[in-house]
Amino acid sequence: MQKPAELTTRSESPADNDVPPGFEDVEVNEAAAKLSSVQVSEAAPDAGDEPDTSLKTDSLVERDTEVKKVLADDTLYTSAKTFEELGLSPELLQGLYIEMKFERPSKIQAETLPLILTPPHRSLIAQAHNGSGKTTCFTLAMLSRVDPALHAPQALCVCPTRELVIQNAAVLERLGKYSGITMTSTAAADYATTRRARINEQIVVGTHGKLRDWMSKRVLSVAAMKVLVFDEADEMLKQEGFLDDSVRMMRQLQAANKDLQILLFSATFNERVKTFAQKAVKDANQVFVPKEDLSLDVIKQYRVYCPTSADKVKVLRDMIFPQCERLGQTIIFVRTRETARDVHRLMESEGHKCTSIQGGMDHTARDRVIREFRDGTTKILISTDVLSRGFDVTQVTLVINLDLPVEKDVRIPAFETYLHRIGRSGRFGRKGVAFNLVTGDTERRVIDEIEAYFKHPIPEVPYDNEEEFVNVLRRAGLTEQEA
DNA sequence: AAAAAAT
């Protein structure tokens with residue numbers, strides 16, 4: 001694993017000082033200087049090979065969490081080893097222990113919760129691995145900061161998809177079960193048409209479109225908002241995506257409350273989005289993970305060269321579907337809505353049971369597909385990138401990229417999307433395998449670039465050798481578990 | 001011919 005020497009090297013690497021142009025240089029440089037001084041003093045004992053556990057309260061010295069913290073001021077934060085240390089209410093502790101069955105904070109929770117919950121409640125830009133418990137972080141943050149006596153919306157969580165809204169609302173509901181705190185979501189109700197009164201619920205989860213509608217109709221008041229969370233924040237701040245809506249949302253809430261706490265959470269922040277986020281959210285604390293450390297080792301990744309796209313379907317038919325009863329659950333990602341529909345129809349016509357989901361379907365159909373997949377009725381789900389981020393089904397062990405993740409210009413790899421897609425498997429330390437089906441020179445280049453970007457090998461498996469396929473699945477430990 | 005998101 002990681003040698004102490006490498007830790008020291010990393011802590012002094014120039015990457016720590018890569019202040020984005022146009023950003024408030026002074027503050028960041030001060031913070032960076034503070035950061036490196038912390039690291040040097042903590043790295044020093046390693047040189048003598050003398051274990052000094054008393055100093056190792058910071059995750060910076062932990063081997064498997066190479067986080068880089070940049071603090072906005074001198075406030076002293078101690079990472080939390082227990083939930084009790086966080087000063088959470090007894091009701092929230094009950095939610096954690098009884099309802100969620102959590103015992104202690106995960107690493108990202110231990111690091112970020114003190115940053116979020118300690119006055120002056122600074123904003124936070126936080127990067128955390130897929131399945132490392134970041135939903136719990138921002139959910140706890142919202143629940144802790146709400147005033148239960150005030151019956152008005154005080155925390156808002158914005159998500160990129162309806163499915164994520166539903167999922168986050170469910171976590172919120174469970175964690176807040178004993179708190180008496182009220183909540184609603186854009187997927188649960190249509191206030192604009194069904195009721196004229198204002199939203200009284202204390203926490204609101206939603207997608208942009210409907211939130212904007214509610215706010216413009218004054219159904220959702222921003223007057224008492226204290227916390228604004230962006231889940232999948234890099235996606236929410238992407239130039240050609242939700243950027244405009246997200247910025248407008250921030251301005252609107254900040255206009256009502258200049259002390260608004262903004263929390264940006266994602267597993268990925270590329271340099272461009274990171275730079276923008278740092279400019280958009282002033283004086284934020286920051287927690288980042290280098291991209292090389294993000295490609296989770298628990299997920300075995302392979303490439304499968306297929307001569308034609310018909311051979312891709314052949315791989316599904318001959319290798320994947322016959323194994324699916326032994327495999328837990330599988331998500332097959334495709335690039336377009338049309339492909340999702342077509343592949344679904346084709347496989348069904350051949351007698352293979354599966355479902356598909358894409359943004360063109362109506363809400364009730366989407367909800368039904370998700371429900372059936374969650375309860376295990378369906379083993380194989382074909383999906384566009386609507387589910388690439390955040391979707392959490394523990395039983396998913398296999399991810400197939402039938403189309404590689406690419407940008408609008410299909411020659412350009414969508415690196416972040418790749419990481420999010422394969423992260424749908426291997427949830428919470430379970431096993432996971434990802435097969436990338438590759439046809440043609442463009443996709444060949446794309447998978448090579450993805451491999452190089454994350455510095456993580458993606459070895460080849462032949463497309464027409466069933467025995468080899470089964471071996472790969474067995475070696476990964478996927479076929480041991482009987483359905 | 002990209003997906004995602006309002007009416």
Side-chain angles (χ1 to χ4, degrees), chain A residues 156-169 184-196 199 204-220 229-250 252 266-268 273 309 331-344 356-367 369-370 381-391 399 401-421 423-424 440 442-443 446:
Chain A
L156 179 59
C157 173
V158 194
C159 316
T161 64
R162 171 184 174 82
E163 282 67 29
L164 219 38
V165 166
I166 294 171
Q167 186 174 290
N168 286 338
T184 189
S185 86
T186 55
D190 193 347
Y191 290 85
T193 54
T194 60
R195 100 181 180 186
R196 297 180 61 206
I199 290 174
V204 179
V205 185
T207 44
H208 268 310
K210 205 166 265 187
L211 287 175
R212 193 199 314 146
D213 187 40
W214 286 1
M215 280 160 66
S216 72
K217 289 176 174 148
R218 309 289 165 113
V219 174
L220 175 61
V229 177
F230 286 100
D231 191 10
E232 308 297 343
D234 62 326
E235 176 78 2
M236 304 305 272
L237 295 176
K238 229 160 85 178
Q239 198 74 52
E240 52 297 351
F242 298 109
L243 177 70
D244 291 349
D245 284 330
S246 299
V247 168
R248 199 175 303 123
M249 179 91 65
M250 284 192 221
Q252 215 164 334
S266 182
T268 50
V273 176
S309 42
I331 301 180
I332 299 170
F333 282 109
V334 297
R335 191 175 66 93
T336 66
R337 295 174 172 187
E338 192 185 16
T339 310
R341 227 177 14 231
D342 292 350
V343 175
H344 180 189
S356 66
I357 186 169
Q358 33 90 358
M361 293 162 56
D362 65 50
H363 287 166
T364 51
R366 282 168 71 162
D367 291 350
V369 168
I370 295 297
L381 175 55
I382 300 162
S383 174
T384 59
D385 281 321
V386 66
L387 291 189
S388 62
R389 284 166 172 265
F391 185 58
V399 166
N401 284 326
L402 191 69
D403 298 316
L404 294 182
V406 289
E407 299 294 341
K408 185 174 177 184
D409 177 344
V410 298
R411 296 166 301 181
I412 301 171
F415 298 111
E416 284 76 28
T417 306
Y418 178 80
L419 201 68
H420 285 279
R421 280 185 181 183
R424 294 318 95 213
T442 304
E443 284 202 319
V446 166

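Proteins come first, then strands; the chains are lettered A, B, ... in the order of their sequence lines, and each starts at number 1.
- Taking A/H208 as the reference, A/F242 meet the ring-ring contact (aromatic ring centres under 6.0 Å, His included) condition, with sequence neighbours excluded.
- Applying the salt bridge (Lys or Arg N to Asp or Glu O under 4.0 Å) rule to A/R212 yields the partners A/D245; only residues at least two apart in sequence or on another chain are considered.
- Using a 4.0 Å heavy-atom distance criterion, A/G359 is classed as a sugar-phosphate-only contact.
- Under the rule for a salt bridge (Lys or Arg N to Asp or Glu O under 4.0 Å), the partners of A/E443 that lie at least two apart in sequence or sit in another chain are A/K312.
- A 4.0 Å heavy-atom criterion places the boundary nucleotides of DNA chain B facing chain A at B/dA1 to B/dT7, written 5' to 3'.
- Between A/R366 and A/E338, the residue anchored nearer the 5' end of DNA chain B, judged by the nucleotide with its closest heavy atom, is A/E338.
- Counting non-hydrogen atoms under 4.0 angstrom, A/K408 reaches a base of the nucleic acid.
- Residue A/R335 is classed as a sugar-phosphate contact, given heavy-atom separations below 4.0 Å to backbone atoms only.
- Residues passing the salt bridge (Lys or Arg N to Asp or Glu O under 4.0 Å) test with A/E163, sequence neighbours excluded: A/R366.
- Note on A/R337: only backbone sugar-phosphate atoms sit closer than 4.0 angstrom, heavy atoms only; bases stay farther off.
- With sequence neighbours excluded, the residues forming a salt bridge (Lys or Arg N to Asp or Glu O under 4.0 Å) with A/D409 are A/R411, listed by chain and number.
- Contact annotation for A/E240: base contact, defined as any heavy-atom pair under 4.0 Å involving a base atom.
- Each of A/V165, A/L220, A/V219 was compared with A/L211 under the side chain to side chain contact (heavy atoms under 4.5 Å, CB included) criterion, and only A/L220 meets it.
- In this structure, A/Q358 reaches the sugar-phosphate backbone alone: every heavy-atom distance under 4.0 Å involves primed, P, OP1 or OP2 atoms, never a base.
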